[in-house]
Amino acid sequence: MGAGGNMNVTSGGKNVLDRVPVKKTPFEISDLKKAIPQHCFKRDLQRSLYYLFGDIAICFTWYQLAANCIPLLPTPLTYLAWPIYWFVQGSSFMGIWSIGHDLGHHAFSEYQWLDDAIGFVAHSAFLTPYFSFKYSHRSHHAHTNSMEYDEVWIPKRKADTFYSEILNNPLGNLFMTFVRLLLSFPMYFTFNIHGRPYDGFASHFYPNSPIFNDSERKQIWLSDAGMAVALYVLYKIAAATSFTWLFCIYGAPLLVMNAHFIFFTFLHHSHPSLAHFDSREWDWIRGALSTVDRDYGIFNHVFHDVTCSHVVHHLISTIPHYHTMEATKAVKPILGDYYKYDDTPILEAFWRETKNCIYVEPDEGAEDSGVYWFRK
């Protein structure tokens, strides 16, 4: 709960639903860079590897406990132990995946080739097409909250009655929650669900997809090859053990990781106080600021602060995750009301945004403003 027992009031006393200003910012990105201590821009390979291998060690520990200890438990206890393992291992997977995301932003080391090599292996291991995601995600950062050109979490309009009317009720909200958490991760990469509309077949696995330009297509083939190798390895593991064993050890945690990804990216970009802009009004810095930092408790650490320092990540994506909190504190005085932080308990926030962020429309009387707000 926020201050005064009102879930919409932060611990700092602000109403989290107060809209972020949409007028042009009185500062430039150069002002923000000057305010951030210079060491925050340093990509320390040794420190980055420490976090990566630390996460791998944690995953290996959970695996050893599950593979060697859960089978020894009485059968009734295994029904409790396996879901606990799935959740903690899936959360640990998300930590490694988040480092892979940093690798795609060249926020791991000073060597682009090394970042891409490690990122390719890390993301392929979690059935994520590394280069495909790297390029579409780069476009997302370049066009955040643009109605026409953003790459993901494109909001619906009121005219889309399937969302604004048919699903705009408690049962519809529950259905969308299920679809988002269970299916959106693979459906986004395969069929561009939640992505911007394109002419032609848009898929992260299709090298000729309109998502990519000609200079990127060879690396999409490489991403597909990485996925194919990962699937072949999983097939060989299942053949040597069993599909059930593979699902319990790897498949179910992967579903949890997928759900984490959709959960926090939805919350990054869905908030009643944040605007979307069409081409008449959009500019890069206001788009980058149209995201929100949230408090996930211990999961801030598990996910390497991608949850609680997402605003500064959109402003300067090459800052390593271990400096993003310090960078956030440095720019907050300059950002002022343009900075959005919401410490609403995270499950409450997810349900609130699921109910209240159904579609976007301009304010009444401001239909030509080029600014759109979430409605329900």
Side-chain angles (χ1 to χ4, degrees), residues 10-12 14 16 20 25 27 29-44 47-48 50-52 54-55 91-92 94-109 115 119 137-138 140-142 144-145 152-153 260-271 273-274 284-346 349-350 353:
T10 69
S11 56
K14 291 184 178 182
V16 299
V20 169
T25 62
F27 49 81
I29 188 62
S30 58
D31 300 314
L32 302 177
K33 288 182 176 180
K34 290 175 185 176
I36 296 172
Q38 283 302 300
H39 69 265
C40 290
F41 298 97
K42 179 174 175 57
R43 295 166 288 205
D44 186 327
R47 189 170 181 182
S48 296
Y50 166 80
Y51 283 104
L52 175 61
D55 279 356
S91 301
S92 300
M94 191 69 244
I96 297 178
W97 195 99
S98 296
I99 291 177
H101 158 264
D102 281 3
L103 285 153
H105 280 294
H106 193 23
F108 189 87
S109 76
D115 286 8
H137 191 63
R138 181 173 63 189
H140 161 61
H141 272 255
T144 309
N145 278 39
V152 69
W153 294 116
H260 276 312
F261 173 82
I262 296 300
F263 186 94
F264 68 64
T265 56
F266 169 74
L267 286 178
H268 284 333
H269 298 289
S270 302
H271 197 282
S273 72
L274 298 176
W284 178 84
I285 194 164
R286 282 183 293 168
L289 289 168
S290 295
T291 183
V292 56
D293 288 346
R294 300 182 188 264
D295 184 7
Y296 286 65
I298 191 174
F299 291 101
N300 292 332
H301 175 73
V302 175
F303 301 154
H304 302 297
D305 294 329
V306 69
T307 47
C308 55
S309 58
H310 197 66
V311 174
V312 81
H313 170 68
H314 262 270
L315 291 166
I316 310 169
S317 60
T318 54
I319 294 179
H321 67 83
Y322 40 82
H323 289 317
T324 52
M325 287 302 297
E326 184 178 358
T328 296
K329 292 176 183 177
V331 300
K332 279 170 64 176
I334 299 175
L335 297 179
D337 289 338
Y338 285 90
Y339 174 74
K340 175 58 64 175
Y341 174 74
D342 187 346
D343 62 0
T344 302
I346 207 63
F350 182 79
E353 267 60 290

* Do L267 and E353 touch side chain to side chain, with heavy atoms closer than 4.5 Å? -> yes
* Of all the heavy-atom pairs spanning V16 and Y341, show the shortest one and how long it is. => CG1-O, 4.0 Å
* **Test applied, side-chain contact (heavy atoms from CB on, under 4.5 Å); reference residue, L289; option that passes from V20, L274, L335** => L335
* Just how far is it from atom CZ of R47 to atom OG of S109, taken to the nearest 0.5 Å? -> 15.0 Å
* For the pair S270 and W153, evaluate side chain to side chain donor-acceptor pair (under 3.5 Å) and give the outcome as yes or no after the intermediate values. => CA-CA 8 Å; S270 302; W153 294 116; over 6 Å; no
* Spell out, as yes or no, whether a donor-acceptor pair under 3.5 Å connects the side chain of R43 to the backbone of H106. => yes
* To do: Identify which one of H105, H269, H137 satisfies the ring-ring contact (aromatic ring centres under 6.0 Å, His included) criterion when paired with H314.
  => H269
* Passes side chain to side chain donor-acceptor pair (under 3.5 Å), D55 versus H304? Steps please. -> CA-CA 10 Å; D55 279 356; H304 302 297; 2.5 Å; yes
* Atom CD1 in I285, atom OG1 in T144: separation rounded to 0.5 Å? -> 12.0 Å
* Asked: Are the aromatic ring centres of Y338 and F27 under 6.0 angstrom apart?
  -> yes
* Least distance between heavy atoms, K340 atom then V311 atom -> O-CG2, 4.2 Å
* Structure fact -> Rounded to the nearest 0.5 Å, the NE2 atom of H260 sits from the OG atom of S92 at a distance of 8.5 Å
* Asked: Between atom CZ of F303 and atom OG of S91, what is the distance when rounded to the nearest 0.5 Å?
  -> 5.0 Å
* **side chain to side chain contact (heavy atoms under 4.5 Å, CB included) assessment of I99 paired with Y51** => CA-CA 8 Å; I99 291 177; Y51 283 104; 4.1 Å; yes
* Asked: Between D115 and A107, what is the shortest heavy-atom contact and its length?
  -> OD2-N, 3.8 Å
* To do: Indicate the atoms forming the closest heavy-atom contact of A327 with C40, along with that distance.
  => N-SG, 4.3 Å
* Atom pair CD1 (I346) and CG (N300), whose distance is rounded to the nearest 0.5 Å -> 8.5 Å
* What pair of heavy atoms forms the shortest contact from L315 to L32, and how long is it? -> CD1-CD1, 3.8 Å
* **Step-by-step side chain to side chain donor-acceptor pair (under 3.5 Å) determination, D293 to Y339** => CA-CA 9 Å; D293 288 346; Y339 174 74; 2.7 Å; yes
* I316 side chain reached by I29 side chain, heavy atoms, under 4.5 Å -> yes
* I36 vs I319 side-chain heavy atoms within contact, under 4.5 Å -> yes
* To do: Quick one: pull up OH in Y322 and OH in Y50 and give me the separation to the nearest 0.5 Å.
  => 12.5 Å
* Asked: Under the criterion side-chain contact (heavy atoms from CB on, under 4.5 Å), which of H268, H321, H101 is the partner of H313?
  -> H101
* **Shortest non-hydrogen contact from A349 toward R294** => CB-NH1, 3.5 Å
